[in-house]
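To find a chain, count down the sequence lines: A is the first, B the second, and so on, and within it residues start at 1.
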Amino acid sequence: MRILQLHVDFVEYLPVKKEIDDAEPLLKNEKELIEDTVVILTSIENGDDETLIEDFVKETLDYLKKIKCNSVLIYPYAHLSSSLEAPKSAFKLMTQLEDALRASTDTIVVRRAPFGWTKELGIKVKGHPLSENSRAIVKKNTERQPGTLVEVVSSKSDAIDNEGSVSSALAAEKDLKSNWYVLTVEGALIPYDGYKFKKSEINLENLFKYEILRKRTVEDQPPHVKLMRKLGLADYEPASDSGNMRFYPKGRLIKSLLEQFVTKKVSQYGGLEVETPIMYDSHHPSMESYFNRFPARQYNIKSDQKDLFLRFAACFGQFLMTKDFQISYKNLPLKLYELTRYSFRREKSGELVGLRRLRAFSMPDCHAFCQDINQAKIEFLKRLDLSVSVMEEIGITPEKDLEMAIRFTKEFYTNNKEFVQNLVSKIGKPVLVEMWDDRFFYFVLKWEFNFLDNSGKASALATDQIDIENGERYGITFIDESGNKKNPIILHNSPSGAIERVIFALLEKSAKMMKEGKTPYLPLWLMNTQVRIIPVRDEFIPKCAELLDQLKTNSIRADIDDREDTLSKKIREAETEWIHYTVIIGEKEVATNSISVRDRLKKSSYSTSIDELVKLIKEPMKGKPDLPINLPEYLSKRPRIAS
RNA sequence: GGUCAUGUAGCUCAGCCUGGCAGAGCGAAGGUUUUGUAAACCUUAGGUCGCGGGUUCAAAUCCCGUCAUGACCUCCA
């Protein structure tokens, strides 16, 4: 027996005609509307009998209790299974389920829709995480599983759309089966359980464990949360919805720098920057058809008479725009880019931790519209190069810090082995492969770089997909060489992943270093203070100001600790702020016209000239954006922000 | 949504088990000190112990409810 439990705002149905001869007689033939109830779509399968009643009742009562609802509708629904029981026995068991459920409680209203009828069905499923729940209930001793309850559609319960009827995606979803492999640089596709991970491949092994076995070492709060607070970058904002963070000046500066950097890289690659609205009409035809596939994770806004939702990606904004372009094959590939600030996804409250996953996030998103699969494949490789270079320059190297996963359909792989192989050899180390027998998603292939954090959780950063569906879905067309209208293939690339998540990865990487006893740091080009200048006594502050000006002229962010504190304490604070270079100015320096530099990473201090220091800092900043310091230059003027 | 935690000064937390004067460090303000590479010293201010109810002579402490937050589970187009 298979059941799908739905917690709904309302359900309405109207029996239209008899589907089978054994259909039960109707008590009344009119539209039935029930509000705030649980609908249990139920399929009785071959071999099911009354031994399952107990489990069905228990399962139902548990679910009702969990979501605090006291009304239930048993709804005969054949489409959950391909091996149905004969109608007569199925009907009998259905009524037994109803009776048993009614007998088990006196607080819950039990209803049942008629059996054997074709019915019009209207449903509005609630938005909360538990509102959709599916189960297979099987006999105790005949089945493979020791328990009586087996999760079926464990992954995506979003196969039901939020306004209309049960979508066809449900059927496809059920058949979605993943096969897991390691694909080596040499091109061998090895089933994951037959692959021997080397010592150096511990991260890849962890990625497999995470993806397949769902294993992780349980730790408390991930370390980056403490760090983002300690460094005064970001924090939770209790007055907003969770997953919407506040960013302090230092954190905002890091974001600005990353945003500008990624945007410049994409622009150099040929991406055209555009801007699209942050909210959309839920009832626009393009939106409705999209929701039929991927519903229920967005912020909804009711404004006047309109139902709006906040965008969860830049995709549809760019697609709606491109639909109105007149495009020749000569214009392709056409690359559009937007860095969304923000995209919104109402992720379940439990999955939000620090900067790892947010409900409001900044996402660089670059779509390439291509003529055909051959052009798409060529472009796809270019974008992998772009992504690798973006990640590397940010300070997270694919080689050491990231593991690639490639996911594709069996069909695509069979026809494009060499191409897939090409991707892997560009990475130069084995990758995780997930292969699907059939295509359920809109893409035939995607890859992503995963960062493994200190709790063994994998988070995707850069990613790219080959989309063969949305060109048609959104009515995007171009005119080909022979004058025919065609739908392009669309590539979806984020060369860095969400900006906030990049910061998460940088902080987790630092935490890893601390664990290994190394000095943690953030890349110099992302530091709000690149040089801290400390006078030995107040009388040297003017000299420090001179130095500050010289550094500023060279686009170096520096500040002066002019507070009333001891030198030791100021140095200590510079250390705890992870400032790379600290300069001390006192009698000696004034007399010799030199500066004394303390290098935090090299753990050394030495005397040098300003020019040398400028060179030292400018070198790693080549090609990086240039922004002024985002706090008062004199520390005595700063409020205290970090805790 | 479930389970388990947590909520005390601006911040980090102790006190709660075993009911009896509301505590510490950091930070802030004022003063002393003028400092050479990871924390100078003194003084002062700062509290609806999340909120509501109950038990008690007496509640931060025990009980019930409620709100908020976190971790985990689940999930993650």
Side-chain angles (χ1 to χ4, degrees), chain A residues 7 62-63 65-69 126-133 151 153-159 169 173 176 210-211 214 216-222 225-226 229-230 232 235-239 242-243 290-298 312-313 315-316 345-354 356-359 407 440-443 446 455 457-460 463 465 467 469-470 492 532 534-540 563-577 579 582-589 596-600 603-607 639-643:
Chain A
H7 190 196
D62 282 354
Y63 182 69
K65 200 174 145 204
K66 243 196 256 179
I67 59 172
K68 295 185 182 143
C69 179
K126 285 183 185 288
H128 67 77
L130 277 181
S131 60
E132 300 154 354
N133 189 24
E151 287 268 3
V153 189
S154 65
S155 50
K156 281 126 208 127
S157 52
D158 10 11
E173 176 71 40
L176 182 72
Y210 179 73
E211 286 277 344
R214 301 259 148 210
R216 63 205 60 155
T217 53
V218 179
E219 276 182 48
D220 17 279
Q221 212 178 37
V225 177
K226 244 189 188 142
R229 286 187 170 136
K230 188 181 93 94
D235 209 339
Y236 300 112
E237 174 51 72
S242 40
Y290 207 81
F291 281 153
N292 278 335
R293 295 228 44 176
F294 304 113
R297 273 296 175 94
Q298 71 279 3
F312 41 89
C315 301
F316 33 85
R345 293 183 193 177
R346 247 198 78 88
E347 309 285 10
K348 294 177 197 171
S349 61
E351 6 174 35
L352 308 166
V353 197
R356 180 174 187 262
R357 166 167 276 132
L358 297 175
R359 284 183 173 170
R407 302 159 204 266
F440 171 70
F441 304 105
Y442 55 79
F443 51 83
K446 78 178 261 191
S455 357
K457 285 196 175 188
S459 305
T463 178
Q465 306 169 349
D467 171 0
E469 191 178 292
N470 284 309
H492 300 234
R532 164 74 39 89
I534 304 178
V536 172
R537 281 191 307 281
D538 287 356
E539 60 191 277
F540 300 109
R563 294 172 301 176
E564 308 250 336
D565 267 314
T566 58
L567 180 63
S568 292
K569 182 158 180 191
K570 291 177 181 179
I571 290 170
R572 186 187 128 82
E573 283 209 10
E575 279 288 338
T576 56
E577 283 184 55
I579 291 169
T582 306
V583 172
I584 314 291
I585 301 289
E587 275 102 349
K588 276 185 269 174
E589 289 72 26
S596 165
V597 174
R598 183 187 159 95
D599 185 322
R600 177 166 174 272
K603 294 188 194 303
S604 65
S605 35
Y606 50 89
S607 182
R640 195 161 189 95
I641 292 171
S643 36

Between [atom2] on [N] and [atom1] on [X], what's the gap in Å once rounded to a whole number?
{"X": "A/Glu573", "N": "B/C11", "atom1": "CD", "atom2": "P", "answer": "19 Å"}
{"X": "A/Tyr442", "N": "B/A77", "atom1": "OH", "atom2": "P", "answer": "9 Å"}
{"X": "A/Arg229", "N": "B/C13", "atom1": "CZ", "atom2": "C1'", "answer": "14 Å"}
{"X": "A/Arg537", "N": "B/G36", "atom1": "CZ", "atom2": "P", "answer": "8 Å"}
{"X": "A/Arg356", "N": "B/C75", "atom1": "CZ", "atom2": "C1'", "answer": "11 Å"}
{"X": "A/Lys230", "N": "B/U12", "atom1": "NZ", "atom2": "C1'", "answer": "14 Å"}
{"X": "A/Arg345", "N": "B/A77", "atom1": "CZ", "atom2": "P", "answer": "8 Å"}
{"X": "A/Tyr210", "N": "B/C75", "atom1": "OH", "atom2": "C1'", "answer": "9 Å"}

Could you tell me how far [M] sits from [N] if I compare only their [atom1] atoms? Round to whole Å.
{"N": "B/A5", "M": "B/C11", "atom1": "P", "result": "25 Å"}
{"N": "B/C16", "M": "B/C4", "atom1": "P", "result": "24 Å"}
{"N": "B/U8", "M": "B/C51", "atom1": "P", "result": "10 Å"}
{"N": "B/C57", "M": "B/G19", "atom1": "P", "result": "15 Å"}
{"N": "B/G25", "M": "B/G36", "atom1": "P", "result": "27 Å"}
{"N": "B/G54", "M": "B/C42", "atom1": "C1'", "result": "47 Å"}
{"N": "B/A58", "M": "B/C13", "atom1": "C1'", "result": "27 Å"}
{"N": "B/C67", "M": "B/A59", "atom1": "P", "result": "26 Å"}

How close do [X] and [Y] get, counting heavy atoms only, and between which atoms?
{"X": "A/Gly354", "Y": "A/Tyr236", "value": "N-OH, 3.0 Å"}
{"X": "A/Glu469", "Y": "A/Phe441", "value": "OE1-O, 4.2 Å"}
{"X": "A/Lys230", "Y": "A/Thr576", "value": "NZ-O, 3.3 Å"}

Using a heavy-atom cut-off of 4.0 Å across all strands, would you classify A/Ile584 as base, sugar-phosphate, or nothing?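 Base contact.
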
At under 4.0 Å between heavy atoms, what does A/Glu577 touch on the DNA or RNA strands: base, sugar-phosphate, or nothing?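 Answer is nothing: A/Glu577 stays at 4.0 Å or more from every strand.
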
May I ask which nucleotide in the shown strands pairs with [N], Watson-Crick or G-U wobble, both distances under 3.5 Å?
{"N": "B/C62", "value": "B/G54"}
{"N": "B/A24", "value": "B/U12"}
{"N": "B/C41", "value": "B/G31"}
{"N": "B/C72", "value": "B/G2"}
{"N": "B/G7", "value": "B/C67"}
{"N": "B/U18", "value": "none"}

Is the side chain of A/Glu589 donor-acceptor paired with the backbone N or O of A/Gly586 at a distance under 3.5 Å, no angle test? yes

Counting distance only, does the side-chain N/O of A/Tyr606 pair as donor-acceptor with the main-chain N or O of A/Arg598 below 3.5 Å?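 No, because the side chain of A/Tyr606 does not come within donor-acceptor range (under 3.5 Å) of the backbone of A/Arg598.
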
Which listed nucleotide ([options]) is nearest to the side chain of [X]?
{"X": "A/Arg572", "options": "B/A38, B/U37, B/G36", "result": "B/A38"}
{"X": "A/Thr566", "options": "B/G70, B/U35, B/A38", "result": "B/U35"}
{"X": "A/Tyr236", "options": "B/G70, B/G36, B/U37", "result": "B/G70"}
{"X": "A/Lys457", "options": "B/U37, B/C72, B/G36", "result": "B/C72"}
{"X": "A/Phe312", "options": "B/A77, B/A71, B/A38", "result": "B/A77"}

Spatial distance of atom CD1 (A/Ile534) from atom OG1 (A/Thr566) [nearest 0.5 Å]: 10.0 Å

Side-chain N or O of [X] closer than 4.0 Å to phosphate OP1/OP2 of [N]:
{"X": "A/Ser568", "N": "B/U37", "result": "no"}
{"X": "A/Lys570", "N": "B/A40", "result": "no"}
{"X": "A/Arg640", "N": "B/G27", "result": "no"}

Salt bridge flag under 4.0 Å for residues A/Arg532 and A/Glu573: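 So A/Arg532 does not pair with A/Glu573 through a salt bridge.
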
The residue, A/Lys569 or A/Glu587, whose nearest nucleotide of RNA chain B is more 5′ is A/Lys569

Between A/Phe316 and A/Phe312, how do the two ring planes meet: parallel, tilted or perpendicular, split at 30° and 60°?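 It falls in the perpendicular class, over 60°.
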
So for A/Glu564 and B/G31, does any side-chain atom that can act as donor or acceptor lie under 3.5 Å from a complementary atom in the base?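 Flag unset: no donor-acceptor pair detected.
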
Polar pair under 3.5 Å, donor/acceptor by atom type, side chain A/Ser596, base B/U37: yes

